[in-house]
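Let me begin by presenting the structure, written as structure tokens, before commenting on it.
Residue numbers start from 1 in every chain, and the chains themselves are labelled A, B, ... in the order their sequence lines are given, proteins ahead of strands.
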Protein chains: 2
Amino acid sequence: MPRAGLTPAAVTAAGAALADEVGFDQLSMGLLAERLGVRTPSLYKHVAGQADLAHRIAVLAVNEVADAIRDAIQGRAGRDALAAGAQAMRRYVLDHPGRYAAGNAARPNGPDDPLVPAVERVLASWAAMLHGYRLAPDQEIHALRMLRSNLHGFATLEAGGNFQFDADVDDSFTWMIDFLDQGLEKHVEGRSG
Amino acid sequence: MPRAGLTPAAVTAAGAALADEVGFDQLSMGLLAERLGVRTPSLYKHVAGQADLAHRIAVLAVNEVADAIRDAIQGRAGRDALAAGAQAMRRYVLDHPGRYAAGNAARPNGPDDPLVPAVERVLASWAAMLHGYRLAPDQEIHALRMLRSNLHGFATLEAGGNFQFDADVDDSFTWMIDFLDQGLEKHVEGRSG
DNA sequence: GCTAAAAAGCTAACCGAATTAGCCTCAGGC
DNA sequence: GCCTGAGGCTAATTCGGTTAGCTTTTTAGC
């Protein structure tokens with residue numbers, strides 16, 4: 001019997017891919033083992049259990065989202081940066097709904113959990129993008145929270161099939177980006193919200 | 001042995017309450033049975049199984065959200081209506097995170113699923129509120145989707161503990177409502193987005 | 001009031017998925 | 001060519017959901 005050559009990273013990657021296919025809530029150790037051509041208990045040589053697997057997928061996902069947003073924003077500013085970053089995130093959630101769900105469900109296990117810096121990377125990218133709008137400093141946190149709420153909400157609703165199909169969702173997304181951009185322009189330093 | 005006097009509605013209500021306490025993902029038939037002072041299999045006389053229970057909780061939750069928003073908007077218009085409706089929804093999610101999660105996870109089982117009219121009630125309230133802003137007709141759907149995204153995203157992020165505590169979340173929420181209101185005012189009929 | 005039947009509870013048993021224990025073997029270093 | 005440990009396996013346990021089938025309460029009709 002030749003070995004399968006698994007590693008924690010390989011198991012995590014396969015688990016993430018499987019979650020995207022069947023849905024995060026349908027992910028099971030048995031299904032993943034089958035996918036990897038191995039018996040279920042063998043997975044425990046690489047991950048501590050289902051909770052550990054889910055957490056590793058979450059860390060992977062959040063870091064991937066962070067990468068995608070950073071790359072999209074790179075070299076752009078203002079509306080361009082907002083639109084590119086938002087589209088990158090939306091694209092990611094549509095392409096990888098399972099691992100994004102894992103990322104949402106995860107809670108840090110402690111102060112040195114790698115999930116924490118991963119989340120911070122995402123927030124740092126958004127903060128950098130917003131910085132281009134030159135908001136009053138005390139409004140940046142509010143704008144950041146609104147942006148997160150908006151994009152997270154849109155992406156999850158869309159990925160969950162919660163939008164009816166009477167109007168093009170792409171159009172709605174573009175409209176939303178415009179709305180956000182114009183509103184942020186109004187909040188340039190000195191104006192009240 | 002006296003009877004417990006359960007009904008499908010009573011089981012659903014208890015399940016919803018339990019989901020709020022322990023989290024929707026931690027809800028189990030065994031735990032609910034214990035809470036109701038009954039053995040697990042007895043629950044199957046009232047609900048078809050865990051999936052059916054989750055679905056009933058979802059319908060209950062969406063209808064409760066619809067009620068809350070309708071009541072909050074009642075007699076108000078413009079920014080008042082927006083703020084009141086949004087706060088009502090936020091309050092609901094904070095008070096009932098478990099059943100709200102059930103509502104999000106649910107998918108209609110068919111065209112005559114009671115979940116469908118429940119969701120429509122929510123959308124109808126938001127649409128009525130937005131109507132007060134006199135947007136161009138072809139923009140209403142986009143504004144509705146943005147509003148849903150925003151409020152759903154904010155509520156779930158807050159309920160999930162995803163906002164750090166460096167700034168008051170209430171302030172962020174108010175700021176967001178102002179942002180939405182001012183943006184919508186800009187889109188009064190005739191102006192492009 | 002008596003009885004039949006439906007409703008609502010129970011116990012026992014089954015099933016599937018996660019997990020644990022313990023064995024066996026392949027791969028690589030001496 | 002052995003020795004060791006990592007990585008695979010089978011077998012067994014546990015737990016939660018579910019089903020089967022029995023018992024008892026309630027209720028309707030007489």
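Once rounded to the nearest 0.5 Å, the distance linking CZ of Arg99(A) with OG1 of Thr12(A) reads 10.5 Å.
For Arg3(B) against dT24(D), a side-chain N or O and a base N or O form a donor-acceptor pair under 3.5 Å.
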Legend entry - Gln182(A) and Lys186(B): CA distance, side-chain angles, deciding distance, side-chain contact (heavy atoms from CB on, under 4.5 Å) verdict: CA-CA 9 Å; Gln182(A) 292 177 23; Lys186(B) 290 284 154 27; 5.6 Å; no
Inset, instruction - Determine, step by step, whether Phe173(B) and Phe154(B) satisfy the ring pair (Phe, Tyr, Trp, His ring centres under 6.0 Å) criterion, reporting the C-alpha distance in whole Å, the side-chain angles of both residues, the deciding distance to 0.1 Å, and the verdict. - result: CA-CA 8 Å; Phe173(B) 191 76; Phe154(B) 193 97; 5.1 Å; yes
Legend entry - Dot-bracket encoding of pairs in DNA chain C, which uses [ ] for pseudoknotted crossings and | for another strand, Watson-Crick or G-U under 3.5 angstrom: ||||||||||||||||||||||||||||||
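At whole-Å resolution of the value, CD in Gln50(B) and P in dG16(C) are 17 Å apart.
Linking ILVMFWY side-chain heavy atoms closer than 4.5 Å, directly or via other members, places Leu151(B) and Tyr92(B) in a single hydrophobic cluster.
Within a 6.0 Å sphere centred on CZ of Arg70(B), other residues, nucleotides and ligands contribute more than 12 heavy atoms.
Asn162(A) and His152(B) share no side-chain donor-acceptor pair at under 3.5 Å.
Within the structure, a side-chain polar atom (N or O) of His46(B) is placed less than 4.0 Å from OP1 or OP2 of dG9(C).
Side chains of His187(A) and Tyr133(A) form no contact here, defined as non-hydrogen atoms less than 4.5 Å apart. Residues Leu43(A) and Leu36(A) meet the side-chain proximity criterion, which asks for heavy atoms closer than 4.5 Å.
The stretch residues 24-45 of chain B touches DNA chain D through Ser28(B), Met29(B), Gly30(B), Thr40(B), Pro41(B), Tyr44(B), each having a heavy atom under 4.0 angstrom from the strand.
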